[in-house]
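Right, one structure below, let's go through it.
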Amino acid sequence: MSDKVRVRYAPSPTGHLHIGNARTAIFNYLFARHHGGEFIIRIEDTDVKRNVAGGEESQLKYLKWLGVDWDESVDKVGQYGPYRQTERLDIYREYWRQLIDNGQAYRCYCTEEELEKEREEQSARGETPRYSGKCRRLSDADRARLEAEGRVASVRFRVPEGKTYAFDDMVKGEISFKSEEFGDFVIVKKDGIPTYNYAVALDDHLMAITHVLRGEDHITNTPRQLMVYEAHGWEPPIFGHMTLIVNESRKKLSKRDESIIQFIEQYDNLGYSSEALFNFITLLGWSPEGEEEIFTRERLIEIFDANRLSKSPAVFDTVKLNWINQHYLKGLPVEELAKLCFPHLKQAERLAAEPSEKELAWATALVTLYRDHLRYGAEIVPLSDLFFREEVVLEDDGREVLAEESVPAVLSAFARQLEAAGEANFTEENIKAAIKAVQKETGAKGKGLFMPIRVALTGQTHGPDLNGSIWLLGYGRVLKRLEDAAAGKLA
RNA sequence: GGCCCGUUGGUCAAGCGGUUAAGACACCUCCCUUUCACGGAGGUAACGGGGGUUCGAUUCCCCCACGGGUCACCA
């Protein structure tokens, strides 16, 4: 490839970073980095009404969170700026005026109501709704009259007749459309701002974009953009249309769909690892060559191959995401894992907002105890529930365990051992030793030894490491529960 | 409805004319473990249908079915 690869991610600042957009951004990023090219972020804010305050910042913030960086954008101005489309209106104007001057575009005075009516009539007749071309041949006099009526013009592109627009899609292969399928489309709205299809083509050319990697929902936009390139005498970039991410019903992820968590911010808030999410997103509609699935960002840059982009849509599988995330969490130093968990403990009021050293140590031990169980940070709260309940909730199989004849002896022996050691010596080491001593004293061992203790203290027959759990429960609580259980007071 | 795209186990997917049709997640079994989890070893499970082309089709072509996308002065 002689030209340097330049690709872009072009979000509209209409909301937070969505999982589908994040994937588009990530694949463009990987493609650029793999080829030693440049990655640009351009803000497509031409729909002024839909722009959301803070949308742009949020998009960039979470892209950064994911570990994506870029070479040019609103915050990193290069030689192709500005990078916000509404700041490029003067640039666009020159081009669309050219198109009007040479007859490749024309002013249209139709009102929204008129167009709506036209579309309805076409649909009623079973036709594909398409602009009729009513304003194609307006004379100067017609225009003067219409404008005198107070009508404001939009600008429409004059779609050539009898042409085929074909392109070799990077993922789908040859795709072609006949120009008859398209009505003259608006390139400049009444508010003077170009539409997406025009601005995008102009900017991709002006910013020297070599490859346009985007979602499959843009396939039918491509011929329109090809027409724009042609009208201006430009060489189009190479297009690649990635499959959509779909929900369990195999529908395109709609932003209102609540069956799946869709915004990157939410994953951050739930205590997901950004590396894990990056890794997971990468596996959505793309697959590496070997059998590995866990990759660092650097490794992905190395192995990313756009030829391996999938042709069929990918269902977003939360279960697999959780598996990957759990895998990453296991590899994290405890302090890092704690950072993902603590906010949730605090929110649940199980950890002070400004914890003391002792509280911090306790909470860290809690996180350590659940290290291998956690799929994401927020899970620490439901998982560790038993440490925050005053009363032991006895489960049915636990009841059976406590019904054993030898149980009271074991429990009271354990309590005596702990008391003999004293609260000051209440450490995991000594707890372990105490249990050993109980074994000697009562002759109970294995399940017969550990199960009664576990059930008496937690109410459950399963749970995290016992010694750690006992320590976390704390001296006082442990003794109280042992007494209650030994006395058969557990309901 | 027109146009475009797609269809390998429950899910993600490898495959690119000849394979016992990978692998991962999930599920099940066993091992490990004082329990659960982790880890380890196994197991169940797939080429939408019909025609061609070919000595031979999951793979190439056509038709059908199904699914999706798109038909805005939204991007």
Side-chain angles (χ1 to χ4, degrees), chain A residues 10-14 44-47 49-50 85 108 110-112 115-116 119 123 125-131 152-156 169 171-173 175-178 180-183 185-197 199-200 214-223 241 243-244 246 248-252 280 283-294 308 310-324 326 330 370-374 383 397 401 435 439 445-455 458 460-467 469:
Chain A
S12 343
T14 52
E44 309 218 319
D45 55 352
T46 54
D47 187 351
K49 295 175 294 293
R50 291 208 316 166
Q85 290 190 321
C108 169
C110 296
T111 64
E112 220 167 292
L115 293 168
E116 178 66 24
R119 277 196 293 268
S123 299
R125 269 179 270 135
E127 293 168 15
T128 302
R130 188 174 301 159
Y131 180 61
V152 181
S154 61
V155 180
R156 280 185 190 271
D169 192 277
V171 352
K172 307 269 188 187
I175 300 178
S176 70
F177 293 88
K178 297 201 164 45
E180 285 68 60
E181 294 159 25
F182 301 91
F185 53 93
V186 171
I187 57 173
V188 184
K189 298 177 277 189
K190 280 197 173 75
D191 62 7
I193 301 176
T195 56
Y196 162 76
N197 271 310
V200 80
R214 67 209 333 184
E216 186 168 50
D217 47 344
H218 284 291
I219 288 185
T220 47
N221 286 324
T222 308
H241 291 92
T243 59
L244 269 12
V246 296
E248 282 94 337
S249 323
R250 302 193 165 276
K251 293 269 200 299
K252 175 183 175 181
F280 173 71
L283 263 17
L284 245 29
W286 179 80
S287 62
E289 207 169 327
E291 289 174 1
E292 296 284 306
E293 290 194 311
I294 305 290
R308 299 186 65 83
S310 168
K311 288 184 182 186
S312 48
V315 174
F316 188 95
D317 184 0
T318 308
V319 175
K320 181 136 185 181
L321 197 217
N322 283 339
W323 175 79
I324 291 186
Q326 182 173 28
K330 276 187 288 192
Y370 283 104
R371 247 201 113 89
D372 292 335
H373 296 66
L374 283 168
L383 238 33
D397 45 356
V401 170
I435 295 178
Q439 179 178 351
K445 61 176 183 206
K447 278 193 187 181
L449 171 63
F450 292 95
M451 258 317 159
I453 297 178
R454 175 180 291 283
V455 173
T458 70
Q460 300 169 356
T461 54
H462 55 82
D465 174 70
L466 187 56
N467 294 326
S469 298

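In the text below, chain A, chain B and the rest are named by the order of the sequence lines, each starting its count at 1. Note that the coordinates shown come from a computational prediction; the quantities given were computed from them, not determined experimentally.
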Exercise. Taking the P atom of each, how far is B:C73 from B:G50, in whole Å?
Worked result: 45 Å
*On a whole-Å scale, what distance lies between the C1' atoms belonging to B:C71 and B:C63?*
26 Å
Residues passing the salt bridge (charged side-chain N to carboxylate O under 4.0 Å, His left out) test with A:Glu127, sequence neighbours excluded, are A:Arg125
Distance check, P atoms only: B:C64 and B:G1, in whole angstrom units.
13 Å
### Query
Below 4.5 Å, heavy atoms only, C-beta onward: do A:Leu283 and A:Pro288 meet side chain to side chain?
yes
Per-nt protein contacts along nucleotides 70-75 of chain B (heavy atom under 4.0 Å; B base, S backbone sugar-phosphate only, - none) come out as SBSBBB
Between CD of A:Glu248 and C1' of B:A26 the distance, given in whole Å, is 13 Å
A correct 5'-to-3' footprint of nucleotides 11-17 of chain B, with B, S and - meaning base, sugar-phosphate only and no protein heavy atom under 4.0 Å, is SSSSS--
Subject >> Neighbour count >12 (heavy atoms, 6.0 Å) for atom NZ, A:Lys330 >> reply: yes
For A:Phe177 and A:Thr220 the tightest heavy-atom approach is CE2-CG2, 3.8 Å
Assign each of A:Ser176 and A:Gly126 the nucleotide of RNA chain B bearing its closest heavy atom; nearer the 5' end lies the nucleotide of A:Gly126
With sequence neighbours left out, the residues meeting salt bridge (charged side-chain N to carboxylate O under 4.0 Å, His left out) with A:Lys320 are A:Glu293
Open item on the list: For A:Lys252, is there an ion pair with A:Glu216 - N to carboxylate O distance below 4.0 angstrom?
Closed with: no
Across all chains, not counting sequence neighbours, the side chain to side chain donor-acceptor pair (under 3.5 Å) partners of A:Gln85 are A:Glu44, A:Asp203
Side chain to side chain donor-acceptor pair (under 3.5 Å) filter on A:Asp191, not counting sequence neighbours, yields none
Those residues at least two apart in sequence (or on a different chain) that pass ring-ring contact (aromatic ring centres under 6.0 Å, His included) with A:Tyr131 are none
N/O to N/O distances under 3.5 Å, protein versus nucleotides 59-63 of chain B:
none

*Base, sugar-phosphate, or nothing: which does A:Lys445 touch, judged by heavy atoms less than 4.0 Å apart?*
nothing
All heavy atoms of A:Ser123 vs all of A:Pro129, minimum pair found to be OG-CG, 3.6 Å
Under a 4.0 Å heavy-atom criterion, the protein footprint on nucleotides 32-48 of chain B, written with B, S and -, is --BBBSSS---------
Residues at least two apart in sequence or cross-chain that pass side-chain contact (heavy atoms from CB on, under 4.5 Å) with A:Thr111, listed by chain then number, are A:Glu113, A:Glu114, A:Arg151
Base, sugar-phosphate, or nothing: which does A:Leu449 touch, judged by heavy atoms less than 4.0 Å apart? nothing
Inset, instruction - Could you measure between the two C1' atoms, the one in B:G18 and the one in B:C47, and give it in whole Å? - result: 16 Å
Atom CD of A:Glu127 and atom P of B:C3 are separated, to the nearest Å, by 14 Å
Applying ring-ring contact (aromatic ring centres under 6.0 Å, His included) to A:Tyr196 and not counting sequence neighbours gives A:His218
For atom P, what is the distance between B:C36 and B:U29, given to the nearest Å? 12 Å
When the C1' atoms of B:C61 and B:A21 are compared, how many Å lie between them, rounded to an integer? 23 Å
Closest non-hydrogen contact found for A:Ile175 with A:Lys172 is CD1-CB, 3.7 Å
- Please measure how far the P atom in B:U19 lies from the corresponding atom in B:G10, and state the result in whole Å. 23 Å
* To do: Could you work out the separation of B:C25 and B:G39 based on their P atoms and round it to a whole Å?
  => 9 Å
Here RNA chain B, pairs taken as Watson-Crick or G-U under 3.5 Å and shown with ( ), [ ] when crossing and | when to another strand, reads (((((((..(((.....[....))).(((((.......)))))....(((((..]....))))))))))))....
Side chain A:Arg156, main chain A:Gly183, donor-acceptor under 3.5 Å:
no
Here the pair of heavy atoms bringing A:Val315 nearest to A:Leu284 is O-CD1, 4.4 Å
Looking only at heavy atoms, the pair that brings A:Leu321 and A:Phe316 closest together is CD1-CZ, 4.4 Å
Discussion item. It should be established whether A:Lys172 places a side-chain nitrogen or oxygen under 4.0 Å from OP1 or OP2 of nucleotide B:C4.
Written reply: no
(Q) For A:Asn197 and A:Ile187: C-alpha separation, side-chain torsions, deciding distance, then whether side-chain contact (heavy atoms from CB on, under 4.5 Å) applies. (A) CA-CA 7 Å; A:Asn197 271 310; A:Ile187 57 173; over 6 Å; no
